[in-house]
Amino acid sequence: MTTENKTCFQHGIRDGCPIALGYFAVAFTLGIAARNAGLSALQALIASALNNASAGEYAGFSLIAAGSTYLETAIMTLVVNARYLLMSCALSQKLKPETPLRHRMAIAYDVTDEIFGICVAQPGHLNPWYAYGAIAVAIPGWALGTYFGVIMGNVLPTRVVSALSVGLYGMFLAIIIPPGRKNRVIAGLVASGFASSFLVSRLRLFENISTGAKTIALTIALALIAAVLFPVSTEESEKQEGQEENRHET
């Protein structure tokens with residue numbers, strides 16, 4: 001590992017620690033769902049290590065509890081987690097063109113909302129080792145939270161678990177607010193995203209559509225609108241990336 005990669009890995013661990021703590025708290029509720037589905041603490045630990053996604057994992061545990069087949073569980077998990085396909089595609093644009101496929105596949109394995117947020121906010125091109133650092137602490141936090149949720153989740157009051165979960169949303173706000181303060185377009189898109197999500201969740205027209213499908217549709221729509229109304233030229237983008245990389249190196 002080169003000195004640059006080592007430094008990026010350490011920065012990823014630093015930025016990933018708050019995510020890991022938030023995951024640990026949120027995963028307690030998943031542990032309760034896993035226990036209700038008849039899974040042991042070890043089984044829940046392995047499930048969370050392989051599927052770091054709250055909605056998809058909760059859907060999987062619910063289907064297991066209902067006695068669904070492997071195929072039904074796999075299809076439902078794929079549909080619920082489909083939004084991560086968009087995040088992976090967007091994050092791939094942050095990598096250098098010559099980045100090997102093995103790095104792209106490794107990063108895509110654990111693209112979550114929060115890890116995507118801190119990775120896409122990095123100046124210039126993304127060093128894969130930064131993502132590895134965040135993933136190295138995020139996955140254990142998620143898996144161990146589920147493990148202890150099976151063991152202790154039912155002991156803790158529901159209000160305590162819910163209070164711990166709020167910290168994750170606060171952390172996510174800390175990721176998106178600084179870029180929004182620097183760029184009015186980003187701020188407007190963030191506000192539009194909040195408003196659109198609220199309206200879609202309240203309208204009866206969309207009540208039979210899954211949360212994952214709503215997220216994908218809104219993401220595509222807002223990204224398309226932003227690309228049409230506020231295009232960024234390739235030269236301008238490369239110039240900004242070069243300035244950010246030079247600033248980061250100094």
Between Tyr70 and Leu63, is a side chain to side chain contact (heavy atoms under 4.5 Å, CB included) present by the stated rule, with each step listed? CA-CA 9 Å; Tyr70 290 127; Leu63 290 173; over 6 Å; no
Report yes if some heavy atom in the side chain of [X] is under 4.5 Å from a heavy atom in the side chain of [Y]; otherwise report no.
X	Y	value
Val150	Leu39	no
Thr73	Thr69	no
Asp110	Ile139	yes
Asn36	Phe61	no

Given Thr7 and Thr2, is the side chain to side chain contact (heavy atoms under 4.5 Å, CB included) satisfied, shown in steps? CA-CA 9 Å; Thr7 301; Thr2 64; over 6 Å; no
Steps toward side chain to side chain contact (heavy atoms under 4.5 Å, CB included) verdict (Gln122, Asp15): CA-CA 11 Å; Gln122 290 301 298; Asp15 295 344; 4.2 Å; yes
So if you build clusters from Ile, Leu, Val, Met, Phe, Trp, Tyr with side-chain heavy-atom gaps below 4.5 Å, do Ile151 and Phe28 land together? yes
Sequence-distant partners of Tyr132, side-chain hydrogen bond (donor to acceptor under 3.5 Å, both in side chains), two or more places apart: His103
Parallel, tilted or perpendicular: which describes the rings of Phe24 and Phe148, with under 30° parallel and over 60° perpendicular? tilted
Tyr23 and Thr112: side chain donor to acceptor below 3.5 Å: yes
Strictly by modelled atom types, are Trp142 and Glu57 linked by a side-chain donor-acceptor pair under 3.5 Å? yes
Criterion side chain to side chain contact (heavy atoms under 4.5 Å, CB included) on His125 and Leu95, from CA distance to verdict: CA-CA 5 Å; His125 288 106; Leu95 299 170; over 6 Å; no
